[in-house]
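We use all heavy atoms of the structure for the numbers below, so side chains are in, but hydrogens, waters and symmetry mates are not.
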Amino acid sequence: MAVFVRVMVLLWADILVWYTMFVMQTYLTNVWKLSFTHAAGILNIWNGVTMVLPVGFLHLVDAVMGKYLMLLLSSIAYSVGMGFLSMSTPPVLASSTGTCKDYEPKCIGDTQKALFYTALALLAVGISGHLVSLKPFLKEQRMNSDDDGSCKAFFRILGMITVAIVAIIGAIALPYIKPWSIRFGIPAICTAFATLLFLSGPCSCKPEPQGSPLTIVCRVFVASFSKISVPFPLDRRDGHELQSFSRTRILRCLEKAAIILPDRSPEEQKNNRWTLCTVTEVEEAKIVVRMVPMWMTFIVCGVVSSIGNTYFLEQANHMDRKLGKWKIPLAMLLLLFNCAKSLFGKSYALLASCFGGCKKYAPPVGIAVAMVFSVLCCITSAGIEIRRLKVIRRHDLLDKPGDDIPMSIFWLLFQFFLLAGLDSFLEKSSKAFFQDQAPGSMINYLQYSSSGVSGLGFMGSVLSVYVVGKISEKGGRQNWFQNTLNKSRLDRYYWVLAALSSVNLLVFILIACIYNYKEPESVQQGDENGPLYGQQEEPEPEPEQGESGQPEDGDGAQRSCFCG
């Protein structure tokens with residue numbers, strides 16, 4: 001149970017860091033005096049990298065390092081990264097670098113910039129490593145604990161309550177700390193303390209890595225490419241030619257990975273797994289490839305999601321945040337956003353329950369609902385931005401970007417609410433889709449790959465802003481993206497995203513309609529030596545022993561896992 005407590009402390013430190021990173025856009029625009037598009041570009045690339053890295057890190061966990069070592073190294077990277085981030089603020093190293101201590105661009109030297117970007121890289125490593133190891137390791141420790149069930153339940157409830165309290169305190173207290181060096185320093189101290197506490201004692205369970213299923217997919221591609229010129233074998237029976245492969249023609253090129261070459265010893269080929277794969281391994285690789293078109297539609301969802309903690313936050317930064325006499329911290333938006341995501345998560349469960357015996361269609365419908373939220377979010381954001389610009393012109397604030405706009409921040413709750421629906425439905429639906437359709441060994445990888453594709457959308461948003469800006473200034477017109485938000489036409493960019501999201505929704509519906517779904521129960525079945533295509537319209541009759549050289553497929557018998 002001591003290990004459980006130490007890992008929970010790491011989780012609490014994570015929450016403080018996330019609240020701190022949420023207001024990073026404000027730091028770059030207010031202190032570094034970057035344009036809001038420049039600051040958003042830096043953060044979107046960082047967020048995208050943070051979402052892409054877990055796929056590779058999960059492979060390292062399974063193939064090389066194990067969860068404990070990954071958690072240890074990522075915690076150290078986390079702590080050092082937050083320390084560098086705090087040191088990159090002007091007052092900390094001003095005396096040693098010869099710069100001033102004010103929070104102004106002139107006080108930020110090359111040393112501070114180097115520390116800042118190094119901190120972002122280390123934080124990306126720390127966050128990604130924690131994502132693939134922290135909660136799984138916590139689950140393992142809980143399962144291997146000798147405490148009885150009531151004790152585990154008590155600590156689980158206590159942990160949930162404490163996490164909620166830390167989240168609320170982080171959202172309310174941190175924004176009232178004005179010096180950025182202290183605002184970054186508090187999470188840095190917390191992460192360092194959590195890492196030291198984690199290292200303070202042994203762990204009850206350090207399982208060895210069991211191997212990565214991602215290696216299987218790579219082996220199938222390598223083996224099939226090495227036999228690209230090899231023809232498919234034909235089995236002969238009673239003078240008639242019968243293909244030893246399924247009648248399905250999809251991705252037959254990968255089936256060559258299971259062909260046994262006649263000019264080499266079968267035992268030698270079976271020992272070299274990079275030149276010969278089993279039929280089941282080929283099937284798993286084909287499932288992954290078939291999911292790629294559906295994955296690609298997640299990129300646009302990532303582009304829309306990227307505007308949440310960048311452009312939305314920049315809009316909120318100079319709006320009226322007063323609720324009575326209380327000025328609402330920006331981090332409260334993140335807390336409300338997470339609450340809305342939880343509510344939408346319950347809504348997906350209700351949606352899935354409506355499908356009854358056709359549950360395999362619930363995930364794609366949920367993904368389509370997420371994309372509808374994407375369209376509505378962009379349309380709503382455009383309308384609210386138009387209203388905000390009207391208020392700016394009415395009060396002559398066009399050339400006063402630092403002044404607060406007399407428009408309530410609560411107007412932004414509509415777009416944050418819809419964005420929460422997009423993120424929640426996409427996360428829940430894609431997770432359910434992979435649990436139903438993916439091979440059991442590949443579920444985690446495909447879920448992280450889905451998040452990684454959305455991360456590509458975060459990075460792609462930088463390109464979209466550049467392209468839209470260049471197109472908007474053709475013909476001598478003003479670029480939609482100026483140095484300040486007040487002079488920009490962010491509403492028009494939102495309309496572009498709304499149109500792009502609408503097209504993306506239509507493309508997804510087309511892909512979802514032609515996708516060959518498996519029944520959820522069949523995903524959990526399937527032996528290692530099953531037929532090449534797990535789903536067939538009609539099972540073919542098994543040949544008797546001796547007719548085709550294959551053993552009878554009775555109880556306890558095995559089919560050939562290679563193709564001769």
Got a donor-acceptor contact below 3.5 angstrom from the Ser342 side chain to the Asn338 backbone?
yes
Is there a donor-acceptor contact under 3.5 Å linking the side chains of Thr195 and Ser79?
yes
Atom CG of Asn317 and atom CG of Leu485: how far apart are they, to the nearest 0.5 Å?
9.5 Å
Side chain to side chain, Arg388 and Ile384, heavy atoms closer than 4.5 Å:
no
Using the ring of each side chain (for Trp, its six-membered ring), is Phe344 parallel, tilted or perpendicular to Phe373, with breaks at 30° and 60°?
perpendicular
For a quick test of reading the model, state the closest non-hydrogen atom pair linking Ser86 to Phe184 and the distance between them.
CA-CB, 3.9 Å
Ignoring hydrogens, what is the shortest heavy-atom contact between Leu497 and Val303? Give both atom names and the distance.
CD2-CG1, 3.7 Å
Quick one: do the Tyr27 and Thr89 side chains pair a donor with an acceptor below 3.5 Å?
no
Could you go through the side chain to side chain contact (heavy atoms under 4.5 Å, CB included) check for Glu284 and Val217 one step at a time?
CA-CA 7 Å; Glu284 291 183 355; Val217 179; 5.7 Å; no
Atom of Met319, atom of Met407 and distance for their closest heavy-atom approach:
CB-O, 3.4 Å
Should Ser305 and Leu422 count as side-chain neighbours, where that means a heavy-atom distance under 4.5 Å?
yes
To the nearest 0.5 Å, atom SG of Cys301 lies from atom CZ of Phe458 at 11.0 Å
On a heavy-atom basis, which atom in Ala77 and which in Gly126 lie closest, and how many Å separate them?
CB-N, 4.2 Å
Please determine whether ring-ring contact (aromatic ring centres under 6.0 Å, His included) holds for the pair Tyr68 and Phe198, giving the CA-CA distance in whole Å, both sets of side-chain angles, and the decisive distance to 0.1 Å.
CA-CA 10 Å; Tyr68 175 78; Phe198 179 69; 5.6 Å; yes
Verdict with supporting geometry, Met459 and Asn44, side chain to side chain contact (heavy atoms under 4.5 Å, CB included):
CA-CA 6 Å; Met459 292 185 281; Asn44 283 333; over 6 Å; no
Crowded around Trp411 CH2? As in, over 12 foreign heavy atoms under 6.0 Å?
no
In Å, rounded to the nearest 0.5 Å, how long is the span from CZ of Phe433 to CE of Met291?
4.5 Å
Could you check whether the rings of Phe481 and Phe36 sit parallel, tilted or perpendicular, using 30° and 60° as the cut-offs?
tilted
Hey, is the main chain of Leu85 close enough, under 3.5 Å, to the side chain of Ser88 for a donor-acceptor pair?
yes
Could you tell me whether the side chain of Ser430 and the main chain of Glu427 form a donor-acceptor pair under 3.5 Å?
yes
How are the rings of Phe416 and Phe312 set relative to one another: parallel (under 30°), tilted (30 to 60°) or perpendicular (over 60°)?
perpendicular
Lys431 atom NZ, over 12 foreign heavy atoms within 6.0 Å
no
Starting at CG of Leu134, measure out to OH of Tyr78 and round the result to the nearest 0.5 Å.
9.0 Å
Can you find a heavy atom in the side chain of Phe116 that is under 4.5 Å from one in the side chain of Ile108?
no
Do Arg489 and Leu389 have side chains that get closer than 4.5 Å, going by heavy atoms?
yes
Nearest non-hydrogen partners of Lys67 and Pro136, listed with the distance:
CE-CB, 3.5 Å
Are any non-hydrogen side-chain atoms of Asp423 and Phe337 less than 4.5 angstrom apart?
yes
Mind checking whether Ser461 and Ser464 have side chains closer than 4.5 Å, heavy atoms only?
yes
Run the numbers on Met65 and Leu73 for side chain to side chain contact (heavy atoms under 4.5 Å, CB included), then give the verdict.
CA-CA 10 Å; Met65 303 174 66; Leu73 295 180; 3.3 Å; yes
Main-chain N/O of Asn30 paired to Lys33 side chain as donor or acceptor, under 3.5 Å:
yes
Examine distances only and state if a side-chain atom of Ser488 and a backbone atom of Gln482 form a donor-acceptor pair shorter than 3.5 Å.
yes
When you measure from the side chain of Thr118 to the backbone N and O of Leu115, does any donor-acceptor pair fall under 3.5 Å?
no
Would you check if the side chain of Asn504 reaches a backbone N or O of Thr297 as a donor-acceptor pair within less than 3.5 Å?
yes
Scan residues 84-106 for pairs that pass salt bridge (charged side-chain N to carboxylate O under 4.0 Å, His left out), counting only residues two or more places apart or in two chains.
none
Where does the angle between the aromatic ring planes of Trp32 and Tyr117 fall among parallel (under 30°), tilted (30 to 60°) and perpendicular (over 60°)?
perpendicular
Who are the salt bridge (charged side-chain N to carboxylate O under 4.0 Å, His left out) partners of Lys327, not counting sequence neighbours?
none
Output for pair (Asn309 CG, Gln25 CD), nearest 0.5 Å, gives 8.0 Å
To the nearest 0.5 Å, what is the distance between CE on Met332 and SG on Cys339?
8.0 Å
Decide side chain to side chain contact (heavy atoms under 4.5 Å, CB included) for Ile511 and Trp295; before the verdict, give the C-alpha distance in whole Å, the side-chain angles of both, and the deciding distance to 0.1 Å.
CA-CA 10 Å; Ile511 294 173; Trp295 274 343; over 6 Å; no
State whether a side-chain donor-acceptor pair under 3.5 Å links Tyr103 with Ser181.
yes
N/O donor-acceptor pair under 3.5 Å between Asn479 side chain and Glu473 backbone:
no
For residues Gln437 and Ile287, determine if any side-chain heavy atom of one lies less than 4.5 Å from a side-chain heavy atom of the other.
no
Between the side chain of Ser128 and the main-chain N/O of Thr50, is any donor-acceptor distance below 3.5 Å?
yes
Specify the closest pair of heavy atoms between Thr310 and Ser306, including all atoms of both residues, with the distance to one decimal.
OG1-O, 2.7 Å
Indicate yes or no for a side-chain donor-acceptor contact from Ser424 to the backbone of Gly345 under 3.5 Å, with no hydrogens or angles considered.
yes
pair Gln315-Ile405: side-chain heavy atoms closer than 4.5 Å:
no
Cation-pi check, Arg183 onto Trp180 ring (under 6.0 Å, within 45° of axis)
yes
